[in-house]
Amino acid sequence: MVSFLIRKLVPGYKQPQNPEVRRSVGSICGACGIFFNILLFIGKLIMGILTHSIAIVGDALNNLSDAGSSIITMIGFRLAGKAPDADHPFGHGRIEYISGLLVSLLICIMGFELGKSSIEGIIHPTAVDCTIPAVAILIASLLVKTYMMYYNFHWAKIIDSAAMRATAIDSRNDMISTSVVLLAVISTKFTDLPVDAYIGVALAVFILYSGISAARDTIEPLLGTPPSREFLDKIEEIVMSHEPISGIHDVVVHDYGPGRKMISLHAEVSAFQDMFYIHDVIDNIELDLARELDCEAVIHMDPIDTKNKDLMKLQDEARAFAKTIDERITIHDFRMVPGESHTNLIFDMVVPHDITTSEKELVQTVREKMLEKHPHYYCVIKIDRSYV
Ligand SMILES: [Zn+2]
Ligand SMILES: [Zn+2]
């Protein structure tokens with residue numbers, strides 16, 4: 001039904017990167033979620049009151065809170081799709097992460113509430129009438145939630161939405177909690193033990209756990225995560241496919257939400273090429289990146305003194321010294337400034353974040369190894385921490 005609506009109402013659903021399409025798909029999934037949850041809430045609330053089952057009423061309230069979280073998701077999509085304006089030139093894409101965070105907080109609250117009422121149920125067990133209509137509505141609820149989980153996962157993957165993934169995880173948790181409620185209601189026919197309450201506690205822990213991991217998924221892009229390996233490989237492939245470029249470094253990717261990525265990088269070019277020609281190449285690479293990766297790119301060019309064989313040899317030596325500290329360390333922007341008493345070798349050294357050796361010590365190590373071999377070369381090193 002949801003996929004049918006999307007195909008009918010969103011003509012461009014085959015271009016999921018398009019912000020307009022994302023917003024429409026998100027809105028339809030959200031609206032259907034609200035409709036289903038309110039239906040389930042009304043049905044279970046009536047049934048819960050008729051059978052005196054706290055568990056069924058609790059399950060009904062759970063669906064009501066889901067309707068609330070779907071409303072938040074929809075507002076998030078609406079705001080995230082808003083065009084950039086003077087106050088927010090990077091657009092509003094990150095609002096989607098914030099609404100995803102709110103949804104995961106709601107999941108945590110549900111887990112907490114479920115735990116609380118379960119413990120109360122252990123202390124004060126209540127008698128429940130197990131009726132056919134009550135069992136029927138719980139089974140219907142399971143089917144609806146299975147479907148909701150399916151379509152939310154399906155479309156979350158297509159439009160890459162953290163908020164919809166959180167909704168799908170929530171639907172899965174609802175299936176588990178409704179199953180437990182169903183078992184508890186049936187068990188009242190056979191035992192006086194508060195089985196439902198004990199299972200409820202275990203369930204609460206599980207729901208809390210998934211709420212916390214969904215929160216982590218949305219907090220991380222808010223703080224800024226490194227781009228994926230595949231994305232970096234694609235950048236490198238596109239840049240290096242242009243013949244005058246001999247290497248790249250200092251890649252930085254800022255992600256302001258879907259469809260609004262900004263890339264900057266340094267491209268190494270021979271110092272002996274025509275400036276107009278190289279600038280033209282760089283401009284073309286920026287256009288290629290924009291077209292193929294749906295981003296904005298800024299490229300800084302670093303001239304390489306390819307004719308100076310001594311410099312190349314010294315660079316290789318410095319690189320080898322750096323790699324004795326850690327294989328992942330790289331160096332770039334290597335240049336030489338000759339002087340009376342000694343010659344400065346100036347370069348940047350990129351060090352992974354997990355290397356805890358102090359920057360001073362890192363510089364000292366490479367500098368001393370170089371001085372040992374060439375007493376008149378003094379290394380001036382700038383330490384960079386990688387953004388990727
Ligand atoms: Zn550079
Ligand atoms: Zn330019």
Side-chain angles (χ1 to χ4, degrees), residues 224 226-229 231-255 261-290 293 295-323 325-339 343-353 355 357 359-360 362-367 369-370 377-388:
S228 69
R229 190 68 251 172
F231 192 72
L232 281 175
D233 288 345
K234 257 189 246 158
I235 293 175
E236 191 164 349
E237 193 193 308
I238 292 168
V239 177
M240 297 302 285
S241 70
H242 293 258
E243 195 258 316
I245 310 297
S246 59
I248 67 172
H249 58 262
D250 283 355
V251 180
V252 180
V253 179
H254 287 287
D255 189 345
K261 281 199 178 81
M262 321 208 72
I263 299 175
S264 69
L265 61 93
H266 293 192
E268 292 159 14
V269 295
S270 162
F272 307 103
Q273 299 264 25
D274 177 63
M275 174 85 115
F276 286 109
Y277 166 65
I278 291 293
H279 178 261
D280 196 46
V281 170
I282 296 278
D283 266 357
N284 286 334
I285 299 175
E286 287 173 347
L287 288 175
D288 280 358
L289 287 170
L293 300 178
C295 66
E296 230 170 278
V298 177
I299 301 178
H300 161 99
M301 60 177 180
D302 283 326
I304 304 288
D305 188 356
T306 44
K307 285 183 187 163
N308 189 338
K309 296 297 167 214
D310 291 343
L311 186 71
M312 292 292 137
K313 207 177 138 247
L314 284 166
Q315 178 176 337
D316 289 342
E317 284 175 11
R319 183 172 290 129
F321 291 146
K323 296 229 184 260
I325 303 171
D326 190 292
E327 190 51 41
R328 294 165 298 165
I329 296 179
T330 59
I331 67 169
H332 59 76
D333 285 333
F334 197 88
R335 50 220 188 267
M336 184 193 270
V337 180
T343 292
N344 278 341
L345 298 174
I346 305 168
F347 56 94
D348 295 353
M349 199 157 98
V350 183
V351 180
H353 286 276
I355 293 182
T357 319
E359 300 196 351
K360 215 172 142 190
L362 291 167
V363 169
Q364 208 61 32
T365 309
V366 176
R367 183 179 287 155
K369 286 192 172 172
M370 188 57 96
Y377 285 130
Y378 184 82
C379 293
V380 178
I381 306 170
K382 187 173 146 270
I383 301 283
D384 283 347
R385 296 285 173 172
S386 171
Y387 286 103
V388 298

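Predicted, not measured: the structure shown is a model, and the values here were computed from it. Whatever order the structure lists ligands and atoms in, that order sets their numbers, starting from 1.
At least one donor-acceptor pair closer than 3.5 Å links the side chain of Arg385 to the backbone N or O of Pro352. The backbone N or O of Ser386 sits nowhere less than 3.5 Å from a side-chain atom of Asp384 that would complete a donor-acceptor pair.
The Zn ion (ligand 1) has no N, O or S atom of Asp348 closer than 2.8 Å. With a cut-off of 2.8 Å, the Zn ion (ligand 1) has an N, O or S atom of His249 in range. With a cut-off of 2.8 Å, the Zn ion (ligand 1) has an N, O or S atom of Asp333 in range.
A pairwise comparison of heavy atoms in Met312 and Asp305 identifies CE-O, 3.3 Å as the closest pair.
Rounded to 10°, the angle formed at the Zn ion (ligand 1) by OD2 of Asp302 and ND1 of His266 is 100°.
Side-chain atoms of Asp302 and His249 form a donor-acceptor pair, as typed in the model, at a separation below 3.5 Å.
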